[in-house]
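The structure appears right after this line, and notes come after that.
FYI, side chains are in, hydrogens and waters are out, and symmetry mates aren't considered; it's all heavy atoms of this structure.
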Amino acid sequence: MIQRIQSIYLLLTAILMAIFLFLPIAQFDTPDGVYSFTSQGVSTVMAQDATPAVADEGAVINQTAVFTPTWGVVALGSVIAVLSFIAIFLYKRRPTQARICMINAFFMVTFYIIIVLSAFSFHKELDASDISWSAYVIMPFVALVFDVLAYKAINKDERLVRSLDRIR
């Protein structure tokens with residue numbers, strides 16, 4: 001039963017969400033430098049030196065220090081990945097598996113809302129002139145599509161089993 005198509009969809013959902021936790025979400029251009037927003041937090045990518053050396057005007061310092069953690073994004077992304085992975089092994093309990101898929105879909109929508117609210121909050125806090133969204137922001141949406149496809153496949157299996165029970 002693990003070879004069912006919804007198991008593949010759920011595995012792809014878990015993989016996409018796990019990978020997304022380590023990729024950049026957005027970048028903020030500020031007068032102080034460039035800041036990167038990942039699920040772990042906001043960190044400086046490049047910052048302008050406040051007191052440049054006399055011979056080296058406007059020296060650029062490469063930094064990777066996280067100064068604002070975003071625990072909500074990490075926690076919710078991890079929960080989504082783990083729930084998707086756990087749902088794979090609940091194939092004997094299809095109604096529970098379908099419920100977990102719907103809970104995961106709700107969490108993914110909430111995940112996007114948290115990302116957008118956090119990004120605009122950091123944009124305002126950093127006084128950034130521009131937000132550059134990463135192409136990786138699409139990964140949770142693709143994971144959501146796989147989650148919905150898994151839900152539909154689980155319901156299709158459940159209808160098939162119920163129709164076979166009716167024939168007996």
Side-chain angles (χ1 to χ4, degrees), residues 2 6-51 60-91 93 95-154:
I2 292 180
Q6 55 264 38
S7 298
I8 294 171
Y9 290 148
L10 290 169
L11 182 63
L12 287 172
T13 299
I15 289 171
L16 284 172
M17 289 306 296
I19 290 172
F20 183 75
L21 292 177
F22 301 103
L23 297 174
I25 298 170
Q27 215 170 24
F28 303 106
D29 297 327
T30 66
D32 299 334
V34 178
Y35 294 88
S36 177
F37 173 41
T38 63
S39 61
Q40 288 88 18
V42 175
S43 60
T44 56
V45 177
M46 295 175 61
Q48 295 294 331
D49 190 4
T51 57
V60 174
I61 300 172
N62 290 327
Q63 299 177 1
T64 58
V66 174
F67 74 90
T68 306
T70 52
W71 294 108
V73 177
V74 172
L76 195 55
S78 300
V79 166
I80 292 168
V82 168
L83 276 179
S84 295
F85 190 72
I86 288 172
I88 294 171
F89 300 103
L90 294 175
Y91 58 88
R93 293 183 264 160
T96 305
Q97 193 179 33
R99 254 184 252 116
I100 288 177
C101 283
M102 281 292 88
I103 290 169
N104 243 0
F106 172 74
F107 282 165
M108 285 185 217
V109 170
T110 306
F111 186 71
Y112 259 121
I113 292 169
I114 289 173
I115 286 174
V116 169
L117 290 177
S118 296
F120 284 112
S121 170
F122 291 132
H123 179 266
K124 187 176 180 182
E125 182 181 319
L126 293 171
D127 195 29
S129 60
D130 188 31
I131 297 178
S132 301
W133 292 96
S134 171
Y136 301 122
V137 172
I138 246 170
M139 289 176 77
F141 178 75
V142 174
L144 176 63
V145 169
F146 282 135
D147 190 61
V148 170
L149 288 173
Y151 177 76
K152 286 185 177 188
I154 292 166

| request: Compare every heavy atom of Val116 with every heavy atom of Trp133, then report the nearest pair and how far apart it is. | output: CH2-CA, 4.4 Å
| field | Any Leu21 side-chain heavy atom under 4.5 Å of Ser78 side chain | value | yes
| Taking the side chain as C-beta and beyond, is there a heavy-atom pair between Asp130 and Phe28 under 4.5 Å? | no
| message | What's the separation between atom CG in Leu90 and atom SG in Cys101, rounded to the nearest 0.5 Å? | response | 9.5 Å
| request: Locate the shortest heavy-atom distance separating Ser132 from Asp29; write the atom from each residue and the value. | output: OG-OD2, 4.2 Å
| Interatomic spacing from CG in Leu83 to CE in Met108 - rounded to 0.5 Å | 9.0 Å
| query | Do other residues, nucleotides or ligands put more than 12 heavy atoms under 6.0 Å from the CG atom of Leu117? | reply | yes
| Distance (rounded to the nearest 0.5 Å) between Ile25 CD1 and Ser39 OG | 5.5 Å
| query | Counting N and O atoms only, with roles assigned by atom type, does the side chain of Tyr112 sit under 3.5 Å from a partner on the main chain of Phe141, one being a donor and the other an acceptor? | reply | yes
| Given Leu12 and Val142, is the side chain to side chain contact (heavy atoms under 4.5 Å, CB included) satisfied, shown in steps? | CA-CA 9 Å; Leu12 287 172; Val142 174; over 6 Å; no
| said: Return the CG to CG distance between Leu144 and Leu149, rounded to the nearest 0.5 Å. | reply: 9.5 Å
| request: Assess the side chains of Thr13 and Asp147: does a donor N or O sit below 3.5 Å from an acceptor N or O? | output: no
| request: Examine Phe146 together with Tyr151 and report whether their ring centres are nearer than 6.0 Å. | output: no
| Where Gln6 and Ala150 come nearest, the two heavy atoms and their spacing | CB-O, 3.7 Å
| note | Tightest non-hydrogen contact, residues Ile100 and Ala87, listed as CG2-CB, 3.8 Å
| request: For the residue pair Val73 and Ile115, establish whether any side-chain heavy-atom pair is separated by less than 4.5 Å. | output: yes
| remark: OG1 (Thr30) and CD (Glu125) are apart, to the nearest 0.5 Å, by 11.5 Å
| request: Answer whether the closest heavy-atom distance between the side chains of Phe107 and Leu76 falls below 4.5 Å. | output: yes
| query | Counting heavy atoms not belonging to Phe106, are there more than 12 under 6.0 Å from its CZ? | reply | no
| message | Restricting to non-hydrogen atoms, name the atom on Ser84 and the atom on Asn104 that form the minimum distance, rounded to 0.1 Å. | response | OG-ND2, 2.6 Å
| Does the separation of the ring centres of Tyr136 and Phe20 fall below 6.0 angstrom? | no
| field | Ser134 side chain vs Val137 backbone, donor-acceptor pair below 3.5 Å | value | no
| query | Side chains of Tyr35 and Phe122: does their closest heavy-atom pair fall under 4.5 Å? | reply | no
| Are any non-hydrogen side-chain atoms of Ser7 and Leu11 less than 4.5 angstrom apart? | no
| Side-chain heavy atoms of Phe37 within contact of Ile131, under 4.5 Å | no
| message | Could you go through Thr70 and Gln40, starting from their C-alpha distance and side-chain angles, then the distance that decides it, and tell me whether this counts as side chain to side chain contact (heavy atoms under 4.5 Å, CB included)? | response | CA-CA 6 Å; Thr70 52; Gln40 288 88 18; 5.6 Å; no
| field | Closest approach of Ile19 to Leu23 (non-hydrogen atoms, all atoms of both residues) | value | O-CG, 3.4 Å
| said: Measuring from atom CZ of Arg99 to atom CZ of Arg93, what distance do you get when rounded to the nearest 0.5 angstrom? | reply: 10.5 Å
